[in-house]
Participant: 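My structure is below; once you've seen it, I'll send some questions.
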Amino acid sequence: MTISSALNAGVAGLNANATRLSTISDNIANSATHGYKRADADFHSMVINGGSTATYSAGGVRTTTMRLINERGPLIASTNPTDIAIDGRGFMPVSTIGAVNASATGPYPIALATTGSFRPDENGILRSATGEVLMGWPANKDGTMPTYPRDSMVGLAPVQINSNEFVANPTTRMSLGVNLPATATAPTGSGDPYTLTAEYFGNLGTSETVDITFTPDVDPAGPTNRWTMQITDNASGAAVGAYVLTFDASQANGGTLASVTTVSGGAYDPATGTIAMPLGSGTVSLDIGTAGGGSRLTQLANTFAPTGISRNGSSVATLSNVEIDSQGNLYAIYDQGFTKRIYQIPTVDVPNPNGLTSLSNQTYAVSKGSGPFYLWNAGEGPTGTTVGFSREESATDVAAELTQLIQTQRAYSSNAKVIQTVDEMLQETTNIKR
């Protein structure tokens, strides 16, 4: 019985080491595969208790294999902005959904990956060379993010880049900095108005202007330090609003804005220093600053000088590039110099990454052993950050695998020697009859 158990143990040893050799060969073969996770074979002894201490029966060995998905390879730089890797814990959502067009609707089958090289296909969908599609939460038209469920994949959609699309970028904010001459509100002032023109961009990408006229209030009795500001929209020819500006003449705050009184048009907000201008393209916020020293408007000396006029928006733009930040926000960069968030790529986390089901092309599926998933903003909670222009290298350490290969070869040879020895012993047993 003990001789037979030794033979069985030797055969089990051959099988176990053959299994280990398979994992080693797979690891070495994928040493240059981006995002590859090393496979590992563990040996476990099997004990057979025959009920007697006088003899011993060899139980042999069994193996279990697992994919060490929680191990991460080093990140390397690339030249493609949509080469993406997760620096730390977590996964990005991908899907193999075949042909996709703009009218496709979810829900989509979702897999997980730690890295990927994505480029636009014929429909503008960001897809890897092996067919995986990058999935993300679509942003609103203005770049803000709606609220999406974090325990469900239903909000995810294929990331689509429309490189040939024209985009309007209307003006929503303007800031105005002007110095008004203090001498104009003196009793000797002429009362002549001062006018400047500011550009803004309409909803259709057209360049429009507003005229801003400052008329001094002159009183023979003494300096008034008071002006009337009138705003006219040249696109419609309509008056936008009128405001009375009073400036401080004290030693501490001389020349700064003291108060703003709304005569007509959108109200002045003293907390933010802005005026809501109802223009033809919609309401535009005009920032003139707050009273009490925080104003962009001053009244000093005898010079009328615009000190700073700026606005957001631009003429019609086309997409020039896309980039992803560390929080997973995918931004479109337009040739007019502005950017807009178009998607957010969430980072998916599970309690037990090694319990995920391994799929082809370094992707994984949620399973009972992995636990439930949750979608985080990258860099929040336990998850790592999202890195663009980067790929994750294989987690295989070739030197360590070759060392294990030598050990496995020796162990396999030793188990083969055990079988050979048992064969010789059995031959001796049969020779007893001769």
Side-chain angles (χ1 to χ4, degrees), residues 1-73 111-112 114 350-371 393-434:
M1 176 64 181
T2 56
I3 294 179
S4 298
S5 69
L7 180 62
N8 292 332
V11 173
L14 291 179
N15 291 332
N17 281 282
T19 299
R20 189 181 191 188
L21 180 63
S22 296
T23 62
I24 293 172
S25 63
D26 203 14
N27 294 339
I28 294 177
N30 285 279
S31 60
T33 302
H34 289 105
Y36 176 78
K37 307 303 179 183
R38 188 172 63 88
D40 187 54
D42 282 340
F43 289 9
H44 309 276
S45 63
M46 299 179 63
V47 177
I48 297 176
N49 188 358
S52 172
T53 59
T55 60
Y56 180 83
S57 295
V61 65
R62 65 183 178 89
T63 59
T64 57
T65 60
M66 68 180 301
R67 185 76 62 182
L68 301 178
I69 302 173
N70 64 323
E71 292 187 359
R72 297 300 174 99
L112 308 179
T114 59
V350 294
N352 177 25
N354 291 335
L356 294 168
T357 300
S358 297
L359 307 175
S360 297
N361 304 321
Q362 300 79 251
T363 60
Y364 311 95
V366 176
S367 69
K368 181 179 180 181
S370 68
E393 288 193 311
S394 172
T396 298
D397 183 344
V398 176
E401 297 295 334
L402 291 175
T403 301
Q404 292 188 33
L405 181 62
I406 295 171
Q407 295 172 341
T408 302
Q409 180 184 10
R410 293 302 183 189
Y412 191 92
S413 299
S414 299
N415 280 279
K417 194 67 175 178
V418 169
I419 295 174
Q420 182 180 355
T421 301
V422 172
D423 178 59
E424 293 174 354
M425 293 175 67
L426 289 175
Q427 183 65 38
E428 292 296 328
T429 302
T430 55
N431 288 340
I432 293 175
K433 184 179 179 181
R434 296 178 181 176

Participant: Give, for atom CG of Leu356 and atom CG of Leu112, the distance between the pair rounded to the nearest 0.5 Å.
Facilitator: 6.0 Å
Participant: Considering non-hydrogen atoms only, spot the tightest contact between Ser31 and Ser394 and give its length.
Facilitator: O-CB, 3.3 Å
Participant: Look only at the side chain of Asn27 and the backbone of Ala39, and say whether a donor-acceptor pair between them is shorter than 3.5 Å.
Facilitator: yes
Participant: Compare all side-chain heavy atoms of Ile419 with those of Leu7 and state whether any distance is below 4.5 angstrom.
Facilitator: yes
Participant: At what distance, to the nearest 0.5 angstrom, does CD1 of Ile28 lie from CG of Leu402?
Facilitator: 4.5 Å
Participant: Can you see which heavy atom on Ala16 is nearest to which on Val61, and at what distance?
Facilitator: CB-CG1, 3.7 Å
Participant: Output the distance between atom OG1 (Thr429) and atom CD1 (Ile3), rounded to the nearest 0.5 Å.
Facilitator: 4.5 Å
Participant: Given Arg67 and Asp26, is the side-chain contact (heavy atoms from CB on, under 4.5 Å) satisfied, shown in steps?
Facilitator: CA-CA 11 Å; Arg67 185 76 62 182; Asp26 203 14; 3.9 Å; yes
Participant: So, does Asn354 use its side chain to make a donor-acceptor pair with the main chain of Asn70 at under 3.5 Å?
Facilitator: yes
Participant: Just by modelled atom types, is the Gly13 backbone N or O under 3.5 Å from a matching donor or acceptor in the Asn17 side chain?
Facilitator: yes
Participant: For residues 358-367, dump all side-chain donor-acceptor pairs below 3.5 Å to protein atoms at least two apart in sequence or in another chain.
Facilitator:
residue: Asn361; atom: ND2; partner: Glu132; partner atom: OE2; Å: 3.2
residue: Gln362; atom: NE2; partner: His34; partner atom: O; Å: 3.1
residue: Thr363; atom: OG1; partner: Ser360; partner atom: O; Å: 2.7
residue: Ser367; atom: OG; partner: Gly355; partner atom: O; Å: 2.5
residue: Ser367; atom: OG; partner: Gly369; partner atom: N; Å: 3.3
residue: Ser367; atom: OG; partner: Ser370; partner atom: N; Å: 3.4

Participant: To check you understand the geometry: which heavy-atom pair defines the closest contact between Leu14 and Ala416, and what is its length?
Facilitator: CD2-N, 3.7 Å
Participant: How long is the span from the CD atom in Gln404 to the CD1 atom in Ile24, to the nearest 0.5 Å?
Facilitator: 5.0 Å
Participant: Is the shortest side-chain heavy-atom distance between His44 and Thr64 below 4.5 Å?
Facilitator: yes
Participant: First locate atom CZ of Arg38, then atom OG1 of Thr23, and finally report the distance between them rounded to the nearest 0.5 Å.
Facilitator: 8.5 Å
Participant: Do any N or O atoms from the side chain of Lys37 and from the backbone of Ala395 form a donor-acceptor pair under 3.5 angstrom?
Facilitator: no
Participant: For Ser5 and Ala58, which heavy atoms make the closest approach, and how far apart are they?
Facilitator: OG-N, 3.1 Å
Participant: Give the intermediate values and the outcome of side-chain contact (heavy atoms from CB on, under 4.5 Å) for residues Gln409 and Leu405.
Facilitator: CA-CA 6 Å; Gln409 180 184 10; Leu405 181 62; 5.8 Å; no
Participant: Inspect the surroundings of OH in Tyr412 and state if more than 12 heavy atoms from other residues, nucleotides or ligands are less than 6.0 Å away.
Facilitator: no
Participant: How long is the gap from CG on Asp423 to NZ on Lys417, to the nearest 0.5 Å?
Facilitator: 11.5 Å
Participant: Assess whether side-chain contact (heavy atoms from CB on, under 4.5 Å) is satisfied between Ile432 and Thr430, documenting all intermediate values.
Facilitator: CA-CA 5 Å; Ile432 293 175; Thr430 55; over 6 Å; no
